[in-house]
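All values below come from the heavy atoms of this structure, side chains included, with hydrogens, waters and symmetry mates left out.
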Amino acid sequence: YTRWLTETLLFRRNFYFQIKSQYNCKSKLKRSKTMASVSELTELLTPIVEAVGLELDELKLSKAGKYRVLEISVDADQIDLDQVADASRAIGLFLDESDVMGEQQYTLEVAPRGVDSPLTKPVHWQRNIGRLVKVAGDAINETGRIKDFQNPIVTLEINGKNREVDINSITKTQIQVEFKKLSDAE
């Protein structure tokens, strides 16, 4: 057990220093007892997430009793849960070695974007071509399949007819989960 623990700790330390030296994250840290802002955390953690082949999609910081919760959503064209685990370890090591979270205890949660996450960025629309989506906005309140996306215009197939909609006029989106196998033609 002692040997395993030593090897694990050495691996974690080496992984952290590899990330830190590659992206020079340490130089951006502010030494204080207060926590960094969400925008500062996003700036510091983005290169760490990118180092494992993912994108930092969203970062939320909230309170849960006397603890804080740092929720990080990651995304990519193809998400591998091993990459998410690597990102979580790298972020955890970075936060443990720095004081950007201040002195208050926190919980770190790193996860891929959920299927129920709204489509808020152009890359979300691009990655979901072929999916069924319910959209609501100024001029639309329909469910359709995303056929094409040319920023900022999304082409939705609604009842067999294509309709082009500017994503800036859409206020709410919800991916519709389908449990049927698509045919080769679809």
Side-chain angles (χ1 to χ4, degrees), residues 19 22-23 25 36-64 68-92 94-95 107-186:
I19 297 293
Q22 184 175 358
Y23 292 96
C25 295
S37 68
V38 170
S39 62
E40 290 171 327
L41 284 169
T42 302
E43 182 182 332
L44 289 168
L45 299 178
T46 295
I48 295 170
V49 173
E50 289 174 350
V52 295
L54 299 173
E55 299 168 12
L56 195 151
D57 187 62
E58 187 176 23
L59 186 143
K60 292 181 186 174
L61 190 59
S62 58
K63 286 191 116 179
R68 285 172 295 149
V69 179
L70 178 60
E71 296 175 77
I72 298 174
S73 174
V74 295
D75 200 9
D77 288 333
Q78 294 290 319
I79 292 203
D80 180 344
L81 289 182
D82 289 335
Q83 286 178 297
V84 176
D86 290 343
S88 181
R89 280 191 291 274
I91 292 167
F94 176 77
L95 295 175
T107 299
L108 173 64
E109 297 178 3
V110 179
R113 270 179 57 81
V115 70
D116 61 342
S117 298
L119 306 179
T120 57
K121 300 176 184 177
V123 70
H124 299 159
W125 290 95
Q126 188 67 41
R127 286 185 177 141
N128 283 286
I129 289 176
R131 306 278 310 266
L132 195 61
V133 64
K134 182 175 183 178
V135 295
D138 298 337
I140 190 167
N141 189 10
E142 300 280 349
T143 299
R145 188 165 309 279
I146 302 171
K147 288 304 212 180
D148 188 32
F149 178 72
Q150 300 296 324
N151 193 17
I153 303 298
V154 62
T155 303
L156 299 172
E157 181 184 321
I158 302 170
N159 299 325
K161 295 180 182 175
N162 287 344
R163 180 168 175 191
E164 292 185 349
V165 180
D166 186 327
I167 62 170
N168 297 314
S169 68
I170 297 173
T171 56
K172 185 177 179 182
T173 60
Q174 182 179 8
I175 295 291
Q176 302 298 295
V177 179
E178 298 178 278
F179 293 105
K180 67 175 185 160
K181 184 175 180 178
L182 295 175
S183 67
D184 291 336
E186 294 181 291

*Would you please test Val154 and Asp148 for side-chain contact (heavy atoms from CB on, under 4.5 Å) and show each step?*
CA-CA 6 Å; Val154 62; Asp148 188 32; over 6 Å; no
*Would you call Glu58 and Lys121 a salt bridge, taking side-chain N to carboxylate O under 4.0 Å as the test?*
no
*Would you mind checking if Glu157 and Arg145 are paired as a salt bridge, meaning a charged N to carboxylate O distance below 4.0 Å?*
no
If you compare all heavy atoms of [X] against all heavy atoms of [Y], which two are closest, and at what distance to 0.1 Å?
X      : Y      : answer
Asn141 : Ala136 : OD1-CB, 3.8 Å
Asn151 : Pro122 : ND2-CG, 3.7 Å
Ile48  : Ala90  : CG2-CB, 3.6 Å
Arg113 : Ser73  : CG-OG, 3.4 Å
Asp82  : Asp80  : N-OD1, 2.9 Å
Glu71  : Ser62  : OE2-OG, 4.0 Å

_If you count every heavy atom of other residues, nucleotides or ligands that lies below 6.0 Å from Asn159 atom CG, does the total exceed 12?_
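Incorrect, the count does not exceed 12.
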Hey, does [Y] have a side-chain heavy atom less than 4.5 Å from the side chain of [X]?
X      : Y      : answer
Phe149 : Asn128 : no
Val165 : Ser169 : yes
Thr143 : Gln176 : yes
Leu119 : Ile146 : yes
Arg163 : Ile140 : yes
Ile129 : Lys147 : no
Ile167 : Ile153 : no
Leu70  : Leu95  : yes

For the atom pair [atom1] ([X]) and [atom2] ([Y]), what is the distance rounded to the nearest 0.5 Å?
X      : Y      : atom1 : atom2 : answer
Lys134 : Ile175 : NZ    : CD1   : 13.0 Å
Leu156 : Trp125 : CG    : CH2   : 6.0 Å
Thr120 : Asp57  : OG1   : CG    : 6.0 Å
Leu41  : Leu59  : CG    : CG    : 6.0 Å
Glu109 : Ser88  : CD    : OG    : 10.0 Å

_Set of salt bridge (Lys or Arg N to Asp or Glu O under 4.0 Å) partners for Arg127, sequence neighbours left out_ = Glu55, Asp75, Asp77
*With respect to Val74, which candidate in Ile91, Val84, Val52 satisfies the side-chain contact (heavy atoms from CB on, under 4.5 Å) definition?*
Val84
